[in-house]
2 protein chains.
Amino acid sequence: IRFLLSINKLSQHVQNTRHYFAPGIRPQHTASSPAHGDDVYQQPLVKTEIPGPKTKQLSDRTSSMQNTGALAFFCDFERSKANYLVDGDENIILDCFQQISSMPLGYNNKELLDLCKTPAFQSTVLNRPALGIFPGTDFPQLIQDTLLKVAPPGLNQAVTMACGSCANENAYKVVFMWYMKNQRGEELPLPDDEAFTTCMKNQIPGSPKLSILSFDGAFHGRTLGTLSTTHSKPIHKLDIPAFDWPIAPFPKLKYPLEEHESENTKEEARCLAAVEELITEWSKRAPVAGIVVEPIQAEGGDNHASDDFFRKLREIALKHNVAFVVDEVQTGVAITGKWWAHEHWGLETPPDIVTFAKKMFIGACIHQLVLHNSQGYRIYNTWMGDPSKLLFLEKTIDIINSRDLVSAAETTGDYLIKSLKDLEKAQPGLLSSSRGRGMFTATNVRDPGARDKVVKHMLSQGVLVGACGTESIRFRPSLLFTPTHVDIAMDRLNQGLNSVK
Amino acid sequence: IRFLLSINKLSQHVQNTRHYFAPGIRPQHTASSPAHGDDVYQQPLVKTEIPGPKTKQLSDRTSSMQNTGALAFFCDFERSKANYLVDGDENIILDCFQQISSMPLGYNNKELLDLCKTPAFQSTVLNRPALGIFPGTDFPQLIQDTLLKVAPPGLNQAVTMACGSCANENAYKVVFMWYMKNQRGEELPLPDDEAFTTCMKNQIPGSPKLSILSFDGAFHGRTLGTLSTTHSKPIHKLDIPAFDWPIAPFPKLKYPLEEHESENTKEEARCLAAVEELITEWSKRAPVAGIVVEPIQAEGGDNHASDDFFRKLREIALKHNVAFVVDEVQTGVAITGKWWAHEHWGLETPPDIVTFAKKMFIGACIHQLVLHNSQGYRIYNTWMGDPSKLLFLEKTIDIINSRDLVSAAETTGDYLIKSLKDLEKAQPGLLSSSRGRGMFTATNVRDPGARDKVVKHMLSQGVLVGACGTESIRFRPSLLFTPTHVDIAMDRLNQGLNSVK
């Protein structure tokens, strides 16, 4: 009976939405598809179980050299293309996760591959300089054509780094320096000041007691400073010393939003009030120099808040003279339907700092001129990132702009979220809280165990999605993802849900 | 009279050492030169002041986008070759600093450039994976042919990261996890343990009060965790919150060593005693889980200690059950005449962890199996470095081995240190404390002001060296550096010293 019910539900659903189809049958999708032609593969093709025998062999070998606890499978990158990832066992997988959201144009984009063949690229990637002291002659133009080209208005200072954690670590340092400059009324104390000697011993006043306020459920990185602002999962934080910094509640919105408007508004007000209370409470202990927030908490479970929440949070930062740091490591680069997710908010005053990495190829923080410091070596390290990544970014920006992939992300995202909501209705009790901005979407499965089984089942049918939070599935496709790909993903999600009924 | 004296001294010196010569005249050096033929430039050629007009123009432009306080000059990397760096004003500069010690084979090595032209390299650099979850099928072999090929005996676990700071941050995390596992007697507490909930709030016991012991004058990075173990210069640390961790004195040796043997032995004993006292003192406050030390304190001023000091330090770590972390970010990769500088010490028990970056192309920590943890996502981030850097490293290891550049570094280093000591005698009162291991050498100029002038003068004559500490000049040449290059550098150093007489 249960089986028949399932069939019946799916059948109704197919009639209702016409998005679902048997594996191997390609839907006749007619929506505009700016990325059509990027794929060389038209659909997933699974030959073995995943992980397959070759991955298992390689995994056994790797486990003698390093922790393989997170390892999913090995990839054949030379054979992968656009939205399709080919694994070491020749399975062709529709990749809706894209190396944890870090591939804007999928695999082996032809124009980027052509770039790799140029002498300029080869010279840049081989002769990686110490960018803060001996940059290449093309560096200023490159910064202008990449980071500053896409920087939010008002943010015109760019600090490059090698990864997202370092982008945030340095953003925090910029914030602390700015805060202490405001306290002193000048950039540096005199060299004979107590601050100069005490900082060498990690003691106040040179190493001041200051804090960054972060949110429950946030993820900002795994180095000791950023980890003190990360509160996603115990396994990330256990056993690691942390700074005693304030942690505010992040709104837990109820879905569907339209049915819980007043509850959600109260919830956001509660969290904003807590932020202000914490700023006051910490002012004696370790004053809050900055607030850091993700536009959508990704690792923590794709937790959203309203635009109004973020506008008010920005106002609180201004009111208390605290820097407002927006971490766009995962939300950046067009996937939400705007280049930066925070552009949706309609802020009157831009963020003080925006940080990013992943789809930007390079880690960096860009900030307002007011946070600039003029002494060398204060924000610095040997490499300060890798300029060859800026060459990838330069070309990627051109491609995204010329193909209008920002709008495409919005269009495909609308279709994706509508498809998820349709599937919610078709699978009541199994799927809920579908939410998203552009293609940056997620949905909740009944419980953590069922979520894990659905993700696994989808992979066995050739579709890779990410997991986040305790029971969410997240979609982080490339910008070449189209409604056609959405249909395939929804079909496999539906199959996965059926498998846990 | 002063001028005549200078001339006289130089003239005596030339007679004594026969290493010095007028600019533009090439010495007829006959020492064996394994790297002969790498250079396309035979000597420095300076056309403009340095920084020249083009650099100044680019620098003005850059200063509107970022801090240029540390910027020296812009480089034309495509025209640079091996030991010679060409700047944006077409000056040909003998580079004894190599992008802060990060270029093992100098600029545009032909074999590495050829590597950039291969499809395998291009696929790897473009499709940068999330290495901890979706590595390429070639990854296990690559780790074996790179990091584990040069790993010290006993260290067989490799964690890749994007830079030196992240290598150290993660080494500290490995140490903390190992320490807490020892405390508990098992890897993880049960999920309902207090540690699981408290760590999410940055509170004990989940976020334990533990510390890393570091040394005065040390440099281990600039992220908040590593910066808490960095004590080189106030400008690196000022205004940044720090962990209250113990800091031990590092030996201040007197030179020449042979004249201060008993004093130096006492000094090292004093520092070792302080280490033990700090471990005991901190046991109640924030137990020392690890000791981190550079084989030669680089940024702090090229401060050496004896092999005996390090052997005893390692014994102290064993005695107190504290992890022994050796930071080889700057000292690694053959420049000291062994692959790792700590190989000189003759340890009975290898370090628990060795960290590196710079000339290894990738940041990483390699550690003993006993520090391994088996859960996924504890030591992790999205990229975990960049496997294309391992391809550079693989080829570089082959080149270094096939040309025996480790021995060459020792031979050239002996010649460099002898030349520096000769120059000390020729420039008494101006130059002192020449010290080094292989080509990893430094010398002290009379005072900080004079040091800065000498470095500047040398650059104006086409030789780039680094500064470190308050009054030291450091040599961090590529492994292709030969006695011929030493002669050129010594000539310019001598000229620089004359300029501050």
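This is a predicted model, so every value here is computed, not measured. Order of the sequence lines fixes the chain letters, A, B, ..., with proteins taken first and strands second; residue numbering starts at 1 for each chain.
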Shortest non-hydrogen separation from [X] to [Y] and the atoms involved:
X      : Y      : value
A:P119 : B:E78  : CB-OE1, 4.2 Å
A:C116 : B:L126 : SG-CB, 4.3 Å
B:N108 : A:S123 : OD1-OG, 4.2 Å
B:C163 : A:W383 : CA-CZ3, 4.0 Å
B:Y380 : A:A70  : CE1-CB, 3.7 Å
B:N202 : A:S228 : ND2-O, 2.8 Å

Under 4.5 Å from any heavy atom of chain B - which part of [X]:
X      : value
A:S101 : neither
A:H372 : side chain
A:A357 : both
A:A289 : neither

For [X], is it the side chain, the backbone, both, or neither that has a heavy atom closer than 4.5 Å to a heavy atom of chain A?
X      : answer
B:K233 : backbone
B:L464 : side chain
B:D386 : side chain
B:A120 : both
B:M103 : side chain
B:S59  : neither
B:S64  : backbone
B:R128 : both
B:T382 : both
B:R222 : both
B:L148 : side chain
B:F196 : both

For chain B, the option from [options] that forms the most heavy-atom pairs under 4.5 Å:
options                       : answer
A:G221, A:P140, A:G69, A:S102 : A:P140
A:S165, A:S63, A:A162         : A:A162
A:P241, A:S207, A:A130, A:A72 : A:P241
A:N170, A:L71, A:T68          : A:L71
A:F243, A:F74, A:Y107         : A:F243

Taking atom CD1 of B:I204 as the centre, report whether more than 12 heavy atoms of other residues, nucleotides or ligands fall under 6.0 Å from it.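 Check fails, neighbour count at 12 or below.
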
Going by heavy atoms in the side chains, are A:M200 and B:P234 under 4.5 Å from each other?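 A side-chain contact exists here, since the closest heavy-atom pair is under 4.5 Å.
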
Less than 4.5 Å apart, any side-chain heavy atom of A:P129 and any of B:C75?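 No; the side chains remain at least 4.5 Å from each other.
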
Heavy-atom pairs under 4.5 Å with chain A are the metric here; pick the option from [options] that has the most.
options                        : value
B:P246, B:G106, B:S232         : B:S232
B:R61, B:M180, B:Q375, B:K201  : B:R61
B:K358, B:M161, B:Q144, B:R184 : B:K358
B:G88, B:G225, B:A158          : B:A158
B:M65, B:K117, B:K237          : B:M65
B:D76, B:V329, B:V125, B:N109  : B:V125

If you round to the nearest 0.5 Å, how far is [atom2] of [Y] from [atom1] of [X]?
X      : Y      : atom1 : atom2 : result
B:M177 : A:L238 : CE    : CG    : 8.0 Å
A:Q141 : B:T62  : CD    : OG1   : 10.5 Å
B:N67  : A:R378 : CG    : CZ    : 9.5 Å
A:E169 : B:L224 : CD    : CG    : 5.0 Å
A:Q122 : B:L115 : CD    : CG    : 9.5 Å
B:L58  : A:F139 : CG    : CZ    : 11.5 Å

After noting the C-alpha distance and the side-chain angles of B:T124 and A:F77, does the key distance pass the side chain to side chain contact (heavy atoms under 4.5 Å, CB included) rule? CA-CA 7 Å; B:T124 304; A:F77 289 111; over 6 Å; no

Do A:Q203 and B:D244 get their side chains close enough for a donor-acceptor pair, meaning under 3.5 Å?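 A pair is found: one side chain offers a donor N or O, the other an acceptor, under 3.5 Å apart.
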
Taking it one step at a time, do A:T223 and B:C166 satisfy side chain to side chain contact (heavy atoms under 4.5 Å, CB included)? CA-CA 7 Å; A:T223 47; B:C166 282; 4.0 Å; yes

Begin from the C-alpha positions of A:T137 and B:K54 and carry the test side-chain hydrogen bond (donor to acceptor under 3.5 Å, both in side chains) through to its verdict. CA-CA 9 Å; A:T137 50; B:K54 184 145 183 219; 5.0 Å; no

For A:F134 and B:F73, take the angle between the two ring planes, folded into 0 to 90°, and tell me which bin it lands in: parallel under 30, tilted 30 to 60, perpendicular over 60.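 Rings of A:F134 and B:F73: tilted, 30 to 60°.
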
A:I133 and B:Q99: side chain to side chain contact (heavy atoms under 4.5 Å, CB included), yes or no, with the steps? CA-CA 8 Å; A:I133 180 166; B:Q99 305 298 324; 5.5 Å; no

Salt bridge check: are A:K173 and B:D239 linked by an N-O gap of less than 4.0 Å?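 No salt bridge links A:K173 with B:D239.
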
